[in-house]
Amino acid sequence: MTKTAVLAMLDELIALTILDEENVQSFKVRAYEKARRGVENATDDLPALSDTQLTKIDGVGKSTAAKIREYLTIGSVEKIDQLRKKYPPEFVALSNIPGLGPKSIKTLRAKLSINNLADLQTAIDSQQLRELEGFGATSEEKIAKAIERLGISDKNRRFPIADALPLAQALVDRWIEVESVSDATFCGSLRRMNETVADIDITIGASNGPLVAEKVRSSPEITEMLAAGDTKISFLVASGLQVDVRIVSPEQFGAATLYFTGSKAHTIAIRQLALQQNMLLNEYGLFKKTDDGKENILVASQTEQAIYAALGCDYVAPELREASGELEAAAKQALPDFIALTDMKGDLHYHTDRSGDGRSSVEEMVAAAAAKGYSYLAITDHGEDLAINGSNREQMLEHRDKIAALQPSYPNMTLLFGCELNIGPDGGLDYDSDFRALFDYTVASVHSHFDQSVDKQTQRLYNAIADPSVHSIGHLTGRYIGKRPGIELDMQTVFDALVEHDVALEINGSLNRLDAASDVVRQATERGVKLVINTDSHHKSELGRMEYGVLTARRGWATKDLVVNSWPRDKFLTWIGYN
DNA sequence: GCCGTTTTCGGCCCGACTGTTTTCAGTCG
């Protein structure tokens with residue numbers, strides 16, 4: 001909570017400084033942005049840090065450390081208060097309008113006394129903008145249009161990954177089939193598996209760019225065209241989501257995807273690394289500078305792997321590119337042994353139509369898991385406490401027999417009779433302890449009562465974790481990304497409990513959940529908490545979510561040794577006490 | 001504002017597009 005507030009303070013400082021310096025990337029702005037990233041990657045307990053420790057945070061120097069201290073002590077920062085007087089919030093908000101930067105809005109204020117959105121609208125209505133030096137009729141119309149769309153496309157609007165990824169995948173799947181296309185991928189924060197994205201970036205490698213561009217420009221999803229060139233095309237779709245498409249030659253595909261994937265901070269870091277080696281990196285390739293500095297000789301461009309290799313680095317997968325230590329580790333060939341999709345040996349949160357919300361039969365669900373080549377599978381339909389979706393004791397025992405009857409047909413996959421237990425408001429679980437002991441494997445999860453205090457929620461989780469029947473905690477916070485916030489917890493206490501009771505923390509692969517979140521996973525990994533990556537499938541078509549769970553785990557630097565369902569069958573069955 | 005294998009000053013990633021301009025400024029990624 002404190003860190004979130006400090007980050008918000010730094011965000012405001014950045015926005016105000018951009019205006020004050022009239023430059024979105026002045027050195028001071030970039031310094032603040034770097035400091036913000038440092039704080040983001042630092043400990044949650046900022047007040048516990050001394051002034052010296054604060055300046056140890058990457059990018060935080062004396063001045064920023066003093067501002068953070070000031071904020072933590074008195075809840076405000078003098079510098080920000082001063083800047084607010086010069087630039088009130090409703091004036092700063094004008095910079096959310098696409099196409100308007102700091103220079104423009106300050107010109108508008110100086111020449112037309114525009115201090116807020118209403119002033120701007122009035123000026124546009126009376127066609128005053130087009131008379132200004134540096135503006136024109138076209139600019140005025142563009143700004144008017146941007147304001148009209150503001151509700152659906154301001155610069156800060158973000159979309160849940162569950163909305164963006166399926167569309168991006170569908171577009172890529174379609175365009176990769178177009179004549180002369182050698183490769184295509186979505187990039188940006190979506191490829192890095194961020195939980196929310198501002199837009200969809202797609203890079204296409206093609207020998208016949210204009211032909212592909214024509215195909216892209218005629219896509220049926222387009223509700224509004226923003227830019228329609230032969231190499232760069234931008235459009236909006238009905239949801240308001242913006243799609244940016246770049247078409248490059250097949251030889252440039254690697255350099256282009258590396259650049260368009262970002263993150264911005266990772267891009268800057270890797271370009272600095274190139275500079276140190278007397279090389280130049282841009283979206284067209286990695287180039288060696290000749291001794292006279294006049295010429296650049298291409299070193300690598302076709303694949304991202306070749307570029308990292310030429311820089312002396314291990315390959316850094318997209319989901320790791322957040323400038324949180326990955327490049328330093330890759331340069332030393334010291335990236336940890338992260339979990340990979342091919343390591344996964346089983347799914348341990350898995351529903352059938354025994355659950356009210358399940359939509360495939362147990363036979364279908366087991367067959368789908370077997371097709372994945374899994375060595376073990378826990379079928380975890382809801383316990384009795386979930387009134388509509390749950391099962392009573394009789395139904396559960398009948399279900400157990402059904403699962404047991406299927407086992408002989410699957411000699412290579414151990415079927416576990418499991419349950420998704422509901423964690424009640426105080427941490428109570430379904431059935432009674434004797435009945436719960438009948439399950440081979442359980443995942444306990446929160447499904448309701450989201451509005452209790454941090455202390456109460458933490459105690460609630462502790463009680464569930466401490467129960468001997470519990471093997472894992474499902475979707476830790478119960479959040480739905482972009483729709484419902486999760487419960488608030490004291491994470492360190494939860495991690496301690498998980499370690500103490502040897503219970504695994506789930507990473508749920510549903511795109512609506514991705515819970516535990518990658519930043520939580522990273523802290524949990526550092527604490528040595530065991531992890532489990534699941535699909536929470538309710539239909540036979542949902543097993544592919546394992547990939548998203550694994551990517552989220554990798555974003556959280558989860559190592560293979562901690563992920564219990566990557567373990568060989570014997571080791572895993574021993575861990576759960578199965579015989 | 002930050003930082004140091006060029007270490008307390010001098011540099012800080014690199015480029016495209018747009019609209020306004022006659023050579024560039026501003027915005028964006």
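Not measured: the values here are computed from a predicted model. All values below were derived from every heavy atom in this structure, side-chain atoms included, with hydrogens, water molecules and symmetry-related copies excluded. Naming: A, B, ... by sequence-line order, numbering from 1 per chain.
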Engineer: Could you tell me whether the side chains of A:E78 and A:Q82 share a donor-acceptor contact shorter than 3.5 Å?
Structural biologist: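 Yes, side-chain donor-acceptor contact under 3.5 Å.
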Engineer: Separation of A:L281 atom CG from B:dG15 atom P, in whole Å?
Structural biologist: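 After rounding, the reported distance stands at 10 Å.
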Engineer: Can you figure out which of B:dG1, B:dG15, B:dC28 approaches the side chain of A:V24 most closely?
Structural biologist: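 The nucleotide sitting nearest to the side chain is B:dC28.
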Engineer: With P as the reference atom in both, quote the distance from B:dC28 to B:dT23 in angstrom, rounded to an integer.
Structural biologist: 26 Å
Engineer: In whole angstroms, how far is the P atom of B:dG11 from the CD1 atom of A:I268?
Structural biologist: 19 Å
Engineer: Which one, B:dG1, B:dC14, B:dG29, comes nearest to the side chain of A:N282?
Structural biologist: B:dC14
Engineer: Rounded to the nearest angstrom, tell me the gap between atom CZ in A:F260 and atom P in B:dG29.
Structural biologist: 12 Å
Engineer: B:dT18 pairs with which nucleotide, Watson-Crick or G-U wobble, both distances below 3.5 Å?
Structural biologist: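 Across all strands, the one nucleotide that pairs with B:dT18 is B:dA25.
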Engineer: With side chains defined as the heavy atoms from C-beta onward, is the minimum distance between A:T257 and A:T303 less than 4.5 Å?
Structural biologist: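 No, side chains not in contact.
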Engineer: So does A:Y259 get a side-chain nitrogen or oxygen closer than 4.0 Å to the phosphate oxygens (OP1/OP2) of B:dA16?
Structural biologist: no
Engineer: What's the closest nucleotide to the A:S104 side chain, out of B:dT27, B:dC12, B:dC28?
Structural biologist: B:dT27
Engineer: Measure from the side-chain heavy atoms of A:P98 and tell me the nearest of B:dG1, B:dT27, B:dC28.
Structural biologist: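 It is B:dC28.
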Engineer: When you measure from the centre of the six-membered ring of A:Y548, is the NZ or CZ of A:R545 under 6.0 Å away and within 45° of the axis?
Structural biologist: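 Pair A:R545/A:Y548 does not count as cation-pi.
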Engineer: Do other residues, nucleotides or ligands put more than 12 heavy atoms under 6.0 Å from A:K215 NZ?
Structural biologist: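 Not buried by this count: 12 neighbours or fewer within 6.0 Å.
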Engineer: In whole angstrom, what separates A:E283's CD from B:dG29's P?
Structural biologist: 14 Å
Engineer: Name the closest nucleotide to the A:A31 side chain, picking from B:dG29, B:dG1, B:dC17.
Structural biologist: B:dG1
Engineer: Closer than 4.0 Å, any side-chain N/O of A:S95 to the OP1 or OP2 of B:dT27?
Structural biologist: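 It does not, given that no N or O in the side chain of A:S95 lies less than 4.0 Å from OP1 or OP2 of B:dT27.
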Engineer: Determine, for A:F91 and A:R109, whether the Lys NZ or Arg CZ falls below 6.0 Å from the six-membered ring centre while staying within 45 degrees of the axis.
Structural biologist: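 The answer is yes; both the distance and angle limits are met.
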Engineer: Does A:D244 or A:Q272 map to a spot on DNA chain B nearer the 5' end, using the closest nucleotide for each?
Structural biologist: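 The residue whose closest nucleotide sits nearer the 5' end is A:Q272.
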Engineer: Picking from B:dG15, B:dG1, B:dC28, which would you name as closest to the side chain of A:Y284?
Structural biologist: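 For A:Y284, the side-chain atoms sit closest to B:dG15.
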Engineer: Report all side-chain donor-acceptor pairs from residues 54-62 of chain A shorter than 3.5 Å, counting only partners two or more places apart or in another chain.
Structural biologist:
from	atom 1	to	atom 2	distance (Å)
A:T55	OG1	A:T52	O	2.7

Engineer: Say we look at B:dT20 and B:dT27: how far apart would their C1' atoms be, to the nearest angstrom?
Structural biologist: 13 Å
Engineer: Atom NZ of A:K232 and atom P of B:dG15: how far apart are they, to the nearest Å?
Structural biologist: 16 Å
Engineer: Determine whether the side chains of A:D515 and A:T477 contain a donor N or O and an acceptor N or O closer than 3.5 Å.
Structural biologist: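 Indeed, the side chains of A:D515 and A:T477 share at least one donor-acceptor pair under 3.5 Å.
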Engineer: Tabulate protein N/O versus nucleotide N/O from nucleotides 3-7 of chain B, keeping only pairs under 3.5 Å, one per line.
Structural biologist:
from	atom 1	to	atom 2	distance (Å)
B:dC3	OP1	A:G59	N	3.1

Engineer: Quick check for you: among B:dT27, B:dG29, B:dC17, whose closest atom lies nearest to any side-chain atom of A:K103?
Structural biologist: B:dT27
Engineer: CD of A:Q25 versus P of B:dA25: gap in Å, rounded?
Structural biologist: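 Result: 15 Å.
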Engineer: Between the protein and nucleotides 18-22 of chain B, list the N/O to N/O atom pairs that are separated by less than 3.5 angstrom.
Structural biologist:
from	atom 1	to	atom 2	distance (Å)
B:dG19	O3'	A:S139	OG	3.1
B:dT20	OP1	A:G136	N	2.8
B:dT20	OP1	A:S139	N	3.4
B:dT20	OP1	A:S139	OG	3.0

Engineer: Can you see whether A:T261 engages A:R191 through a side-chain donor-acceptor pair at a distance of less than 3.5 angstrom?
Structural biologist: yes
Engineer: Nearest-Å distance, CG (A:L286) to P (B:dG15)?
Structural biologist: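 These atoms are roughly 12 Å apart.
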Engineer: Please work out which of the three classes, parallel, tilted or perpendicular, describes the rings of A:Y315 and A:Y308, given edges at 30° and 60°.
Structural biologist: perpendicular
Engineer: Centroid distance below 5.5 Å plus an interplanar angle below 30 degrees: do A:F27 and B:dC2 meet both conditions?
Structural biologist: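 Ring-base stacking flag not set for A:F27 and B:dC2.
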Engineer: Any chance the side chains of A:Y87 and A:D20 put a donor and an acceptor closer than 3.5 Å?
Structural biologist: yes
